[in-house]
Each structure stands twice: as C-alpha cells, then as structure tokens.
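The model shown is predicted, which means the values in this text are computed figures rather than measured ones.
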Amino acid sequence: LSFSLINKMRNYYGYYDHRTHKLIVCIDKNETIEEMVKTVIHEYTHSLQPIRKYYSKVAKITGYWNNPYEVEARYEAALKTDDCCFDILY
C-alpha cells in the first residue's frame with residue numbers, strides 16, 4: 001500500500017486505487033486533521049475489501065450511499081477517527 005497527498009481534486013476527499021494499491025488523499029478538501037484522518041481510515045478500509053471483484057457490481061444495485069463497502073468504510077472511520085486523532089495530537 002502506498003500513499004499520496006494531492007491538491008485540486010474537486011469531488012473527492014480521497015480514493016483508493018485498487019489497480020495500483022494506492023491510497024490518495026486530497027489535502028485541499030480535507031480542511032482539518034479530523035477530516036484527513038477520517039478519509040485515510042475510510043480509504044484504508046477499502047484497501048482491505050475485495051473491491052476489485054465486486055465494488056462496481058454492488059454499486060450498480062445499491063448506489064454509492066447504500067453500497068456495503070462504503071457503509072463499512074464510513075463505519076470504520078466513525079469508529080476510529082477520534083482515537084487516531086487523539087494519538088496524533090497527544
């Protein structure tokens with residue numbers, strides 16, 4: 001897994017590229033440390049999922065917000081963001 005920070009990505013806070021196994025975070029969209037941490041956790045969760053095989057098929061049926069891969073990524077980010085921010089800041 002590799003990691004990159006970029007600017008000027010209009011519609012995304014970040015994304016995981018399953019082809020290159022790269023996690024990309026847009027620094028100008030994530031305005032706080034909390035948002036940045038939440039995005040990293042969310043995208044890291046995608047790196048652990050079988051996205052390559054199933055994401056598009058599932059998304060066609062469920063849409064983005066109800067896609068179980070997105071639901072899981074949001075859940076993991078919500079669960080772990082505060083603890084990670086605490087570890088970073090203190």
Side-chain angles (χ1 to χ4, degrees):
L1 181 65
S2 61
F3 179 83
S4 292
L5 297 171
I6 63 170
N7 282 311
K8 308 291 185 211
M9 197 162 69
R10 291 185 189 162
N11 298 322
Y12 301 102
Y13 286 85
Y15 66 94
Y16 171 68
D17 186 337
H18 69 273
R19 293 175 309 254
T20 61
H21 202 48
K22 189 172 197 173
L23 194 151
I24 298 148
V25 175
C26 184
I27 53 178
D28 57 340
K29 284 290 267 189
N30 293 276
E31 296 178 353
T32 66
I33 291 172
E34 182 178 2
E35 286 178 349
M36 180 79 68
V37 168
K38 186 183 286 187
T39 298
V40 169
I41 294 168
H42 180 105
E43 300 307 334
Y44 176 72
T45 300
H46 286 318
S47 78
L48 303 174
Q49 298 168 328
I51 287 179
R52 172 176 268 159
K53 293 181 181 180
Y54 304 112
Y55 187 93
S56 295
K57 292 176 186 176
V58 173
K60 287 178 184 176
I61 298 166
T62 64
Y64 175 82
W65 289 102
N66 294 320
N67 184 321
Y69 299 120
E70 294 300 336
V71 171
E72 180 185 25
R74 287 192 301 271
Y75 172 79
E76 291 295 323
L79 186 67
K80 297 173 179 168
T81 296
D82 286 346
D83 286 343
C84 288
C85 286
F86 182 85
D87 289 344
I88 290 167
L89 297 171
Y90 304 103

Is Leu79 reachable from Val71 through a run of I, L, V, M, F, W or Y residues, each pair having side-chain heavy atoms under 4.5 Å apart?
no

Scanning both residues in full, the closest heavy-atom pair of Leu89 with Ile33 reads CD2-CD1, 3.7 Å

If you measure from NZ on Lys38 to SG on Cys84, what distance do you get to the nearest 0.5 Å?
12.5 Å

Taking C-beta and beyond as the side chain, do His42 and Arg74 meet within less than 4.5 Å on heavy atoms?
yes

Are more than 12 heavy atoms, taken from residues, nucleotides or ligands other than Tyr75, located less than 6.0 Å from that residue's OH atom?
no

Grab the two heavy atoms, one from Glu34 and one from Asp82, that are nearest each other, plus how far apart they are.
OE2-OD1, 4.1 Å

Is Met36 close to Leu5 at the side-chain level, that is, under 4.5 Å between some pair of heavy atoms?
yes

Where the side chain of Gln49 meets the backbone of Tyr69, is there a donor-acceptor pair that is under 3.5 Å apart?
yes

Do Leu23 and Ser47 have side chains that approach each other closer than 4.5 Å (heavy atoms only, starting at C-beta)?
no

Of the non-hydrogen atoms in Asn67 and Val58, which two are nearest, and what is the gap between them?
OD1-CG1, 3.7 Å

Could you tell me which non-hydrogen atom of Glu43 sits nearest to which non-hydrogen atom of Tyr16, and how far apart they are?
OE1-N, 3.1 Å

Minimum heavy-atom separation for Leu1 to Tyr44, with atom names?
CD2-CD1, 3.5 Å

Verify same cluster id: Ile51, Ile61 (apolar side-chain graph, 4.5 Å):
no

How far does CG of Leu48 sit from CD of Glu76, to the nearest 0.5 angstrom?
8.5 Å

Closest non-hydrogen atoms of Tyr12 and Cys26, given as atom of the first, atom of the second and distance, are O-CB, 3.7 Å

Rounded to the nearest 0.5 Å, how far apart are CD of Glu35 and CD1 of Ile27?
13.0 Å

Rounded to the nearest 0.5 Å, how far apart are OH of Tyr55 and NE2 of His18?
11.5 Å

Exam field: side chain Asn30 to backbone Tyr13, donor-acceptor pair closer than 3.5 Å:
yes

CD1 on Ile24 to CD1 on Ile6, rounded to 0.5 Å:
6.0 Å

